[in-house]
Each structure stands twice: as C-alpha cells, then as structure tokens.
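First comes the structure, then the notes that go with it.
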There are 2 protein chains.
Amino acid sequence: MVKNGKDCSTEEKILEAAKKVFITKGMAGARMQDIADEAGINKALLHYYFRSKDKLFETIFAQIAQRFLPRINDIFNSELSINEKIEAFCKEYIDNVLKNPFIPLFVINEMNKQPEGFVKKLFGNEKPQLDKFITQINNAVKKQEIKQVHPLQLIINTMALCVFPFLAKPIIQWVSGMNQTEFRAMLEDRKKSVPQFIIHSIKN
Amino acid sequence: MVKNGKDCSTEEKILEAAKKVFITKGMAGARMQDIADEAGINKALLHYYFRSKDKLFETIFAQIAQRFLPRINDIFNSELSINEKIEAFCKEYIDNVLKNPFIPLFVINEMNKQPEGFVKKLFGNEKPQLDKFITQINNAVKKQEIKQVHPLQLIINTMALCVFPFLAKPIIQWVSGMNQTEFRAMLEDRKKSVPQFIIHSIKN
DNA sequence: ATAATGTTTAACCATTTGGTTAACAAAATT
DNA sequence: AATTTTGTTAACCAAATGGTTAAACATTAT
C-alpha cells in the first residue's frame, strides 16, 4: 500500500490520536472508540495494529520515555558548570515538553496509579544518574561558591519550576486571562527566567 | 441509630473510602464497587447516600474546595509583608496538603479534564484575589526592595515549589530512596526552605 | 405490640466497553 | 492473471459497570 505522503500510515494516525485521547481523558477514561474516531478509522483497526488498549498505551509511553530521558541524563553528566547545567536542563526540558505538552500530566498520573511498575518502566530499572551533579553541588557548597543547599532539593525545585506550568495550565490561564499565544510566550520566557530564579536563590 | 463512636456514620466511611479510591484510580478509574469494598458496605448503599458517582465525586470535591481556598485568600489579602506572605502561604499550603496529600493530583487532574466546569466549580466563579499581593510586589520592585520580577511568575513559582513534591512523590521516593517518614520530614523541612529559596531569589 | 421510618442487602437490568470474527478490499507476489 | 498477504470494516460478544428494585433488617415513635 502506498503511504499517502505526510500524515500517512494508519499506525501513526492511531498513535497521534491515542496520545491526544489518553492525555485528555486519562488512561482509564480513554475509550477505544474515542481513539478510533479521533484517528478517523474503525475501532477494530486499533486492535489490528496494537493488540490491546494496554499495549497501545505502553507503546506510546515507551516512545515518550526513550525520547526524553537520555538527553536529560546527558546534561547532568556533562562537563558543564552548575549554572550551565541548570540553564541547559530548563531549556531542554521546557522545549521538549512544549512539543508534547501532555506528557507531564500523563507521567504524573500513571506514576501515581502504578508506583512500582510505571517508575521502573519509565527509567528502565536504572535510576537517572545524578551522582556527578550532586557531588558538583556539594563541592561548590564546600568552596562557598553557592549557598548551603541540599542537592536533591535543588533538583526537585528545578523540576518543579519547569513542569508545574504545564500541569496547572488551565488554572493559570483562567486566573491570568492569558490566551494560547500569551501562555506559550510565557513558557518561552521561562526557559530563561527559571534558571535565573534558581541561580539567584543559590548564589552566594 | 446510635453512631458507634469514632469511624461512625456510614456516610463518613463512604466519603473516606471514596477519597482514597478516587485519588488512587482517578475519577474515571474509580469503581463504585471498589469504594463500597473500601468502606466495607454494599454497593447499593453508595447510591442510597449519594445518588450517583458524579454526586459523590462532587460532594468530596466541594468539601476540599471550601476547606482550602479561603485561608489562602486571607493570607494574600492580609497586611503582612511580601516575605511574610510567602512564608505564610508555603506553611499553610504544605500543612494543609500534608493532611490530604491526594488533593493536588485530584485537582490537577480534573482541572485538565474539564477545564471550564471544574475551574469554575473550584473557585465558585470568582477568581482568587491576588490584586493586593500583585501591587505589593510591583511597589517593592519600584522601590528596588526586590529584583525585577513579574508578580504572576512569582506566584506560579511559589505554587510550583509547594505542590510539586506531592505530585511527584513516587518518583522522588524512588530516585532518592526515602522512606515514608523521611519523605514527610522533607516536606516539613520545605515549609521553611521553600520560602527561603524564593526570598533569596528575589531579594536585591 | 405495632406501625412507621430509616438503613442495608442481594439480585437484577441496561448500557458501555474492550475485544473478536468473518467477510471484504487493496496491494504485493507469484 | 491468479493468489497470497495485508489493511479495513460492520456486526457481534462477554465482561464490567453504574444504577435500580424489592425485600429484609433495624430503630424509633405510637
């Protein structure tokens, strides 16, 4: 069968549709029929390409995990300075999530529903390598280059500041009255303002 | 009927059970049977006390909203200084959520599923009153008491730092290897460390 | 005692939902 | 051109699920 150019293969259409529906309604709330409709195909085709709802879900999830995590790991393992790492992380993270804004909610959700299974699936049984970054921070603290700060707390804070706007988008938009474009602009801005915020708070 | 002391009325048992199940499985994933089992009663009793799944959900949600929001509003409308407000907010917020750790996920979730309806239900059609706090910040910026900072961004950052650990608990625990007690201690600590973090980052 | 009211249960029902089947269409292979 | 393989669909099925009903049980009022 000749693939029709761009949004070609049924498989891709399904994956795109499934992503959309899964994030909108959650894994449990998503209906195979919804996904089929969204993809503009018959429901049985879903089962032809991906045997079950769970398989479909897993496929999408695997894609996400493999796309996101290595680049983050690379940054923390690089030879950059603390400040540079924070800047690189925020840029990389926000950039990536801007392309797939549904991921944070998706991950947080499944994470909380299947704590053991999902976390292991996400990280493939080996934890993210933060050792280098952690010792880097501890050293900087000793040398009094930065304030006394627990490395893990710094990492949590950095993550928090990057992810939260994506999770809380509806509230933020409603409270602030931002439209889509303005909201996106704000996120763009945060690629720079968040690292600044963090760096200010730890610098001596 | 004489209520049997503490975990008495069936109604309360249902509400407790429903909270637990709703947060664990999400609104869509929660099964009435699960809730009934968790409460140790018959499924039909759920419908006797709360007519439908939606009603039950709404009841729980209303409880939460009414308990949380006013106190936050009070803080931002008070005569405290910026730093004091940030400190008060973080303490109040983390304290409250420590009592009901499931709320953030719950809110974020429903928020994203029913953007219009839920946000309005949560805030009862009137946005939180941030005006006073915002002008307070703008004034401080003018007087160069604090760094140039967009008030909304500051609020978002504060929220982010308070909520995120609750949302990401499973990952954090897994990555850091903290047990329940240690995790709770960390949250206790953040009641003080988060305000410090924020205040450091904005002070001139 | 008994009626009336409130609480709880088992059995049941209609609908929804993930998944299957068999038939049909379109490519690819021979 | 014939046939095998791949892609697609409509109709169907069994299980799960939210919700109902009628009857049993308990509690209080008469």
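For the numbers below, each heavy atom of this structure counts, side chains included, while hydrogens, waters and symmetry mates do not. We name chains A, B, ... by the order of the sequence lines, and we start the count at 1 in each one. Since this is a predicted model, take the numbers as computed values, not measurements.
- Atom pair B:M32:CE and D:dG19:C1' shows a separation of 8 Å (rounding to whole Å applied).
- Nucleic acid contact class of B:A36 (heavy atoms, under 4.0 Å, all strands): none.
- Checking C:dT9, D:dG19, C:dG19 against every side-chain atom of B:K53, the shortest atom distance belongs to D:dG19.
- Here the P atom of nucleotide C:dT7 and the CG atom of B:L46 are 15 Å apart, to the nearest Å.
- When each of A:K43 and B:K43 is assigned the nucleotide of DNA chain C bearing its nearest heavy atom, the one mapping closer to the 5' terminus is B:K43.
- Residue contacts shown for A:A28 are absent, as no nucleic acid heavy atom lies under 4.0 Å away.
- Distances from the side chain of B:Y48 to the nucleotides D:dA10, C:dT9, C:dG6 place C:dG6 closest.
- Closest to the A:N42 side chain, of the nucleotides D:dT9, C:dA10, C:dT8, is D:dT9.
- Using a 4.0 Å cut-off between charged nitrogen and carboxylate oxygen, A:E79 and A:K132 count as a salt-bridge pair.
- At whole-Å resolution of the value, CD in B:Q33 and P in C:dT16 are 21 Å apart.
- With hydrogens and angles left out, the side-chain atoms of A:Q196 and A:S193 include no donor and acceptor closer than 3.5 Å.
- We find that CD1 of B:I14 is positioned 10 Å from P of C:dT9, with the value rounded to whole Å.
- Atom P of nucleotide C:dT7 and atom CZ of B:F50 are separated by 12 Å, given to the nearest angstrom.
- The distance from atom CG of A:L45 to atom C1' of C:dC24 is 13 Å, rounded to the nearest whole Å.
- Counting heavy atoms from C-beta outward, B:M159 and B:F89 have side chains that approach closer than 4.5 Å.
- Considering only side-chain N and O atoms, A:R31 lies under 4.0 angstrom from the phosphate OP1 or OP2 of C:dG18.
- For the pair B:H47 NE2 and D:dT17 P, the interatomic distance rounds to 13 Å; values are reported in whole Å.
- Rounding to the nearest 0.5 Å gives a distance of 6.5 Å between NZ of A:K85 and CG of A:L80.
- A donor atom on one side chain and an acceptor atom on the other are found under 3.5 Å apart for A:Q33 and A:D37.
- Atom-to-atom, NZ of A:K13 to P of D:dT8 comes out at 7 Å; the value is rounded to the nearest Å.
- Taking 4.0 angstrom as the limit, B:T10 places a side-chain polar atom (N or O) nearer than this to OP1 or OP2 of C:dT8.
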